Visitor: 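So that we are looking at the same thing, I have put the structure below in structure tokens.
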Amino acid sequence: MDLTGLNKDQLSAVTRVEGPLLILAGAGSGKTRVITYRIAHMIEDLKISPYSLLAITFTNKAAKEMRERVNSLIGDRAKDMWISTFHSLCVRILRRDIERIGYNRSFVIYDTQDQLSLIKECIKECGLREDSFKPSSVLSAISGAKDKLLNPKAFEARYFNDFRLSKISKVYDLYQRKLKSNNALDFDDLIFKTVELLKTDEFVRDFYQRKFQYVMVDEYQDTNHAQYVLINLLSEMHKNLCVVGDDDQSIYGWRGADIANILDFEKDYKDAFVVKLEQNYRSTEVILDGANSVIKRNLGRKNKKLWTQLKEGEKIKLHKAYDEKDEANFIAREIKKRQEEEDRNLRDFALLYRTNAQSRALEEALIKHSISYKIFGSLKFYDRKEIKDIMAYLRLVQNPLDDLALKRIVNVPKRGIGAKTLEKLEERALVTGESLFGLLHDLSGFDLSTKVKTTLNKFVMMINSFMDMKEILPLTEFVQKVIDNTRYVDELKAEDTDEARGRIENIEEFKSVVMEFMQNSEEKTLEEFLSSVSLVSDLDSIDEEDDFVTLMTLHSAKGLEFPVVFLAGVEEGIFPISRAMLDENQLEEERRLCYVGMTRAKQILYITYANERTLYGRRNHAIASRFISEIDESLFEENAKIEKTKPQSLYDRYKDKYKIGQDDKPKFDGQDDITVGSKIKHPKFGIGMVVAKTGTVYTIAFEGQGIKQIDTTFISLSKL
DNA sequence: CCCCGGCCATTTTTT
DNA sequence: ATGGCCGGGG
């Protein structure tokens, strides 16, 4: 194996094979190169069996890339090596042995939407109100419990004296029972149950511990507690654990990632060897200095500083726009300009933003300038209604115990099976413990009209026929049959709207996904298809061939790089996002996110912000983000005017503090008779007429000034 | 049972 | 601005 192209630190990381190793890999420091060379070195030079190697990543994309790059180094000799994501690793382990902890090995995987529906049911059945126990917050509590490896019992025991959490523990318990009876696991369970299996079953634990003599974990800063325990269980026997990560790029704390895992690695493994990769091969010096000057404000980080041999480079561009449209147009013009003058491809450009909602204005400007673009992450392919519906049919066929899937499609397309009918079925299911689909086979004891019974019988016959087809037809034909026989597309055609046509298009795309699966997958079964679909994201399929500008959130951009990067909407309240501004820890995470964003740029970095921004249908004054003032002024292009961060607007400052909501009465100077149609006088804009009102926000048309939205909480209007 | 209109919240999301 | 959800009327 030729290791001469590696720098000193990289080489030391590659050749230190035995014992615990922490690789602190700064952004763009050749991390993937190090991991892949390390694997190749182990197999090729040290003759270590690929069978005993395990590499874990977070994304399919990273796993795929790692596999490809190892292949290009040593051919397919690594084909017996496990390179997989946390979740697919766990699925693989569980499919083999989950029966040892009392589950069925043909389990399906529930995504977030499924989780929420199930939790809603549980909240209701526990006699709780959805308004005080919001499904999403209950879900995050349960998910957090699983991250911390607390089962419902342990959760209850820990929080029995907390009113709210003890109620949630009841929901959690019911939720787990329902998952089990639906023969389903959620994402968190995949890790949780694998840990449980390894902990409780000596035989299985011993098998994997012997097998995996060398374990590598990528993006270690993003691991949560459960993943941490899993890694330790797997590598416990040989202790050849190599973790790679960058504490400065930890941006998933809100999802349970525990930055302490990486910060404390040396405490966990006293004999750990630490390598810092600090030479950056990606960005120019100006960009790195900018990123460094921001991130150094964070406390409690591993001490390191990226450097580069790529000197100089264009200074950072700072642009203050009038509003979000102006900002978007500026970006579009700059892209056009650089595309023409510097002969760049569109794929050289990335527009990064904090929230998905910001993509709209950018998108419109790009359309206006006829620049092709692709938005990643806004709404995922598999989250689309029509795809989920078809998937629900497939899921029910695969797993008739999946009540959630049944409920989703029993009336889709419309068959006249409504809430009342389902209620009757569920009532019975609760008593007998049977699955809904099981109950449908004998409707004799139900108080239902003949018409409904006939419909339900037809439905059962259809699903049963699908089950037969599944056994004999290739997956592609089977899926086509499901689409045809359910008349799903026929119904859409009948609708004859643009929306329906879009949905049909998506179903066509879905069919090609199935076809692709048939070509690429070893196991061509429905079960395998369903699990693979649950474990992929849109980001996994970025096509290198096409030429378009990339639009994505800062979170999605991690791990990617682009010659020219625009960070848009770098304003207080957006970035850092308002909810993170009060908490120092959250603020540090926002700062890391800023660091991640800046270090995506190879050559040119733009930072833009707007003076005014319409968000959630409401116009707000905006000011430059504090992160801008944290960048050394000398790094900006000369004409950039830096405005020091000023306090927020009065309204923004007080609305959270005093919980001013839409229902609060506007504070007028003794006048509460201003309604739509009233003529008013505004201290700054003069005379106008009220055209609409939402809570305290009045939309007012001013003479010669256009339409403005005025929040009357702090500004007095007087009626003319 | 189905549809529509009003009410509500609205960060980020590798799996 | 927009999409999801609930409740009342057809």
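By convention in this document, chain letters (A, B, ...) are assigned in the order of the sequence lines, proteins followed by strands, and residues within each chain are numbered from 1. Quantities reported herein were computed from a predicted structural model and do not represent experimental measurements.
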Visitor: Just N and O in the side chain of A:Thr553: are any of them under 4.0 Å from OP1 or OP2 of B:dT13?
Guide: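 Indeed, a polar side-chain atom of A:Thr553 lies that close.
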Visitor: Of A:Leu185, A:Asn182, A:Leu179, A:Asn399, which meets side-chain contact (heavy atoms from CB on, under 4.5 Å) against A:Phe107?
Guide: A:Leu185
Visitor: What is the distance, rounded to the nearest whole Å, between atom CZ of A:Arg579 and atom C1' of B:dT13?
Guide: 15 Å
Visitor: Please state how far atom CG in A:Leu116 lies from atom P in B:dT10, giving the value in whole angstrom units.
Guide: 13 Å
Visitor: Could you tell me which non-hydrogen atom of A:Leu89 sits nearest to which non-hydrogen atom of A:Ser84, and how far apart they are?
Guide: CB-OG, 3.4 Å
Visitor: Between B:dT11 atom P and A:Glu571 atom CD, what is the distance in whole Å?
Guide: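 Atom CD in A:Glu571 sits about 16 Å away from atom P in B:dT11.
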Visitor: Let me know, please, whether A:Gln586 or A:Val452 comes out on the 5' side of the other along DNA chain B by nearest nucleotide.
Guide: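 By nearest-heavy-atom nucleotide position, the 5'-most residue is A:Val452.
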Visitor: Less than 4.0 angstrom from a charged side-chain N to a carboxylate O is my criterion; do A:Asp248 and A:Arg592 meet it?
Guide: no
Visitor: Would you mind telling me which of B:dT12, B:dC3, B:dT14 lies closest to the side-chain atoms of A:Lys414?
Guide: B:dC3
Visitor: Whole angstrom is fine here: how far is it from CG in A:Asp222 over to P in B:dT12?
Guide: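 Value for this atom pair: 17 Å.
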Visitor: Please enumerate all residues that pass side chain to side chain contact (heavy atoms under 4.5 Å, CB included) together with A:Asn457, with sequence neighbours excluded.
Guide: A:Leu443
Visitor: Measuring to OP1 and OP2 of B:dT10, would you say a side-chain N or O of A:Asn356 lies under 4.0 angstrom away?
Guide: no
Visitor: Separation of A:Leu230 atom CG from B:dT15 atom C1', in whole Å?
Guide: 14 Å
Visitor: Starting at CD1 of A:Ile56 and ending at P of B:dT15, how long is that distance when rounded to a whole Å?
Guide: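 It is 15 Å, rounded to the nearest whole Å.
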Visitor: I'd like a list of close polar pairs between nucleotides 7-10 of chain C and the protein, N/O only, cut-off under 3.5 Å.
Guide:
none

Visitor: Applying ring-ring contact (aromatic ring centres under 6.0 Å, His included), name anything that partners A:Phe517, two or more places apart in sequence or on another chain.
Guide: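 So A:Phe517 forms a ring-ring contact (aromatic ring centres under 6.0 Å, His included) with A:Phe529.
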Visitor: Which residues pass the side chain to side chain contact (heavy atoms under 4.5 Å, CB included) test with A:Asp247, not counting sequence neighbours?
Guide: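 So A:Asp247 forms a side chain to side chain contact (heavy atoms under 4.5 Å, CB included) with A:Leu24, A:Ile259, A:Ile262, A:Leu263, A:Arg301, A:Lys302, A:Lys304.
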Visitor: To the nearest Å, give me how far apart CZ (A:Arg618) and P (B:dC8) are.
Guide: 13 Å
Visitor: Check for me whether A:Arg282 meets the cation-pi criterion with A:Phe562, that is, NZ or CZ under 6.0 Å from the six-membered ring centre and within 45 degrees of the ring axis.
Guide: no
Visitor: Base, sugar-phosphate alone, or nothing: which one does A:Arg354 contact when heavy atoms must sit under 4.0 Å apart?
Guide: base
Visitor: Tell me whether A:Trp254 and B:dT12 count as stacked here, given that the ring centres must be under 5.5 Å apart and the planes must differ by less than 30 degrees.
Guide: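 Here A:Trp254 meets both the 5.5 Å and the 30° conditions.
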Visitor: Checking all strands, does A:Lys385 fall into the base, sugar-phosphate, or nothing category for heavy-atom contacts under 4.0 angstrom?
Guide: nothing
Visitor: Counting heavy atoms from C-beta on, name the nucleotide in B:dT15, B:dT13, B:dT11 closest to the side chain of A:Tyr252.
Guide: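 Nearest to the side-chain atoms of A:Tyr252, counting from C-beta on, is B:dT13.
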Visitor: Reckon A:Lys134 touches a base, only the sugar-phosphate, or nothing at all at heavy-atom distances under 4.0 Å?
Guide: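 Sugar-phosphate contact only - A:Lys134 comes under 4.0 Å of backbone atoms but never of a base.
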Visitor: Side-chain N or O of A:Lys61 less than 4.0 angstrom from OP1 or OP2 on B:dT15?
Guide: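 For B:dT15, OP1/OP2 do not have a side-chain N/O of A:Lys61 under 4.0 Å.
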Visitor: Would you indicate what A:Thr421 reaches in the nucleic acid, counting non-hydrogen atoms under 4.0 angstrom: base, sugar-phosphate, or nothing?
Guide: sugar-phosphate
Visitor: Go through the structure and list residues passing side chain to side chain contact (heavy atoms under 4.5 Å, CB included) with A:Asp583, not counting sequence neighbours.
Guide: A:Asn585, A:Gln586
Visitor: Could you check whether A:Lys558 gets within reach of a base, just the sugar-phosphate, or nothing at all, counting any heavy atom under 4.0 Å?
Guide: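 The residue A:Lys558 makes no contact with any strand.
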Visitor: Between A:Thr355 and B:dT10, is there a side-chain N or O to OP1/OP2 distance below 4.0 Å?
Guide: no
Visitor: Starting at the 5' end of DNA chain B, which residue's closest nucleotide do you reach first, A:Tyr616 or A:Leu190?
Guide: A:Tyr616
Visitor: Using side chain to side chain contact (heavy atoms under 4.5 Å, CB included) as the criterion, list what pairs up with A:Ala622, not counting sequence neighbours.
Guide: A:Glu571
Visitor: Take the protein atom CD1 of A:Ile574 and the nucleotide atom C1' of B:dT10, then report the distance between them rounded to whole Å.
Guide: 13 Å
Visitor: Any side-chain N or O of A:Asn60 below 4.0 angstrom from OP1/OP2 of B:dT14?
Guide: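 Negative; the distance criterion is not met.
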Visitor: Look at the side-chain N and O atoms of A:Arg360 and state whether any lies under 4.0 Å from the OP1 or OP2 oxygen of C:dT2.
Guide: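 True: A:Arg360 side-chain N/O within range (under 4.0 Å) of C:dT2 OP1/OP2.
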